[in-house]
Amino acid sequence: MQSLRGCYLGNPSRGEAQSNTAGYRDEGKRQIISTMETQVSNGPSGTSLPNGPVISTNGSTDDSKTNLIVNYLPQNMTQEEFKSLFGSIGEIESCKLVRDKITGQSLGYGFVNYVDPNDADKAINTLNGLKLQTKTIKVSYARPSSASIRDANLYVSGLPKTMSQKDMEQLFSQYGRIITSRILVDQVTAGISRGVGFIRFDKRNEAEEAIKGLNGQKPLGAAEPITVKFANNPSQKTGQALLTQLYQTAARRYTGPLHHQTQRFRLDNLLNASYGVKRFSPITIDSMTSLAGVNLTGPTGAGWCIFVYNLSPEADESVLWQLFGPFGAVTNVKVIRDFTTNKCKGFGFVTMTNYDEAAMAIASLNGYRLGDRVLQVSFKTSKQHKA
DNA sequence: TCCCATT
């Protein structure tokens with residue numbers, strides 16, 4: 001096991017941008033320190049079989065003894081690394097690193113379903129608590145998936161600074177089963193509570209009851225009332241948040257030595273555009289997008305046609321809208337699909353009205369990593385001119 | 001005034 005950990009931690013293939021991808025959410029001086037978790041008995045229930053999937057009476061497979069959820073994965077861990085780490089325990093039936101549907105960024109958690117329940121147990125015993133980068137991963141049995149366990153996370157503010165995580169749990173536990181809790185602490189003052197925290201209940205209705213019962217209430221002896229509300233849902237990002245994320249990812253690609261003047265141009269233009277500080281001429285854009293020798297289809301009434309390559313078979317129009325929309329006026333998107341399978345053939349087209357916005361989108365999204373794919377984005381070239 | 005827990 002030690003060799004496994006060493007192997008993963010020292011894996012040179014992940015050297016790329018480690019310092020930058022440690023997690024932009026951890027930026028700034030404040031950070032979570034209090035990571036103590038309530039280890040709830042997420043554990044499987046029902047009849048135990050020595051091997052293989054358990055088949056319940058209704059015919060569906062019961063994976064409660066084989067399926068694990070893994071939390072607090074480092075932001076930069078890939079699906080392959082995830083599989084490799086958990087595959088070292090035993091044969092995996094399936095596994096999935098959960099990623100943002102639009103940006104492909106890891107959401108920091110994933111699922112591993114083993115063939116053998118014994119391996120699931122072994123994975124919990126050997127990998128739970130493993131430190132990877134700045135994270136301490138949590139490995140536990142996954143609860144059966146259902147709508148009732150979603151959006152059960154609460155954001156609590158106005159907590160007395162003296163209130164500990166345990167105190168907070170005690171306060172909330174009357175409303176239901178707590179899955180996780182944490183109190184945010186200020187790092188610069190060596191872990192003083194910031195008076196805000198999170199409580200995740202097993203069920204959304206438990207969280208609702210806790211809001212009813214505790215929002216606006218003063219905890220025993222506290223001077224101020226606390227605020228209890230549903231936490232922001234990280235998977236439902238606003239357009240602005242998506243933009244910010246895109247810029248941060250784009251900026252990451254330019255943080256190396258800037259021997260190329262063109263890279264500096266691109267980043268500057270990117271940042272200026274995001275705040276509407278200035279417009280720039282097509283000449284500047286042309287000089288930075290290395291389009292030498294290529295004919296563009298031009299603004300033939302409809303606008304500027306952009307070729308997007310290396311989309312996944314599952315890609316749909318909404319992905320293109322959401323990727324390109326933040327950069328300006330998009331009039332049309334199209335995913336090219338296979339006639340029989342109806343799956344995306346790996347490319348699509350986007351039409352944008354304004355040249356500078358199209359060029360900005362290309363400069364930002366070309367080379368952008370969408371999940372495990374790297375997009376190629378360029379102005380559509382005229383076929384007639386080829387060869 | 002916000003940590004990546006449900007595929």
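Hydrogens, waters and symmetry mates are skipped; everything else that's a heavy atom, side chains included, is used. Quick note on labels: first sequence line is chain A, next is B, and so on, each numbered from 1.
Side-chain atoms of A/Leu184 lie closest to B/dC2 of the nucleotides B/dT7, B/dA5, B/dC2. Among the nucleotides B/dT6, B/dC3, B/dA5, the one closest to any side-chain atom of A/Ser140 is B/dA5. Proximity note for A/Ile149 (side chain, C-beta onward) versus B/dT6, B/dA5, B/dT7: the nearest is B/dT6. Checking B/dT7, B/dT6, B/dC3 against every side-chain atom of A/Val98, the shortest atom distance belongs to B/dT7.
Distance A/Phe201 CZ to B/dT6 P: 15 Å, rounded to the nearest Å. In this structure, A/Arg150 places its CZ atom 15 Å from C1' of B/dC4, rounding to the nearest Å. One atom, CD of A/Glu93, and another, C1' of B/dT7, lie 12 Å apart when rounded to the nearest Å. Rounded to whole Å, atom C1' of B/dT7 lies 9 Å from atom CD1 of A/Ile69. Atom pair A/Ile226:CD1 and B/dC2:P shows a separation of 17 Å (rounding to whole Å applied). The distance from atom CD1 of A/Ile183 to atom P of B/dT1 is 17 Å, rounded to the nearest whole Å. Remark: P of B/dT6 and CG of A/Asn113 are 17 Å apart, rounded to the nearest angstrom. Rounded to an integer number of Å, the gap from CG of A/Leu154 to C1' of B/dA5 is 14 Å.
Residue pairs meeting the salt bridge (Lys or Arg N to Asp or Glu O under 4.0 Å) criterion with at least one member in residues 328-338 of chain A, sequence neighbours excluded: A/Glu317-A/Arg337.
When the side-chain nitrogen and oxygen atoms of A/Lys135 are compared with OP1 and OP2 of B/dC4, one or more of them lie within a distance under 4.0 Å. Remark: A/Arg194 is in phosphate contact with B/dC2, judged by side-chain N or O atoms under 4.0 Å from OP1 or OP2. Within the 4.0 Å cut-off from OP1 or OP2 of B/dC2, not a single side-chain nitrogen or oxygen of A/Asn232 is found. Side-chain nitrogen and oxygen atoms of A/Arg200 include at least one within less than 4.0 Å of the OP1 or OP2 phosphate oxygen of B/dT6. Taking side-chain N and O atoms only, A/Ser145 has a distance below 4.0 Å to OP1 or OP2 of B/dT7. For B/dC2, the OP1/OP2 oxygens have no side-chain nitrogen or oxygen of A/Arg182 closer than 4.0 Å.
Dense packing is recorded around NZ of A/Lys203, with more than 12 heavy atoms of other residues, nucleotides or ligands lying under 6.0 Å away.
Contacts of A/Asp316 classified as side chain to side chain donor-acceptor pair (under 3.5 Å), with partners at least two apart in sequence or in another chain: A/Ser318.
Below the 3.5 angstrom threshold, one finds a donor paired with an acceptor across the side chain of A/Arg143 and the base of B/dT6. Looking at A/Asn153, its side chain comes within 3.5 Å of the base of B/dC3 through a donor and an acceptor atom.
Heavy atoms of A/Tyr155 sit under 4.0 angstrom from at least one base atom.
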> Going through the checks in order, is the ring-ring contact (aromatic ring centres under 6.0 Å, His included) test met by A/Phe198 and A/Tyr155?
Replying inline: CA-CA 5 Å; A/Phe198 295 88; A/Tyr155 176 74; 5.4 Å; yes
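Using a 30° and 60° split on the angle between ring planes, A/Trp304 and A/Tyr355 fall in the perpendicular class, above 60°. Between A/Tyr309 and A/Phe307, the ring planes are parallel. Angles under 30° get that label, and only those over 60° would be called perpendicular.
Each of A/Lys229 and A/Ser94 has a nearest nucleotide on DNA chain B; the 5'-most of these lies closest to A/Lys229.
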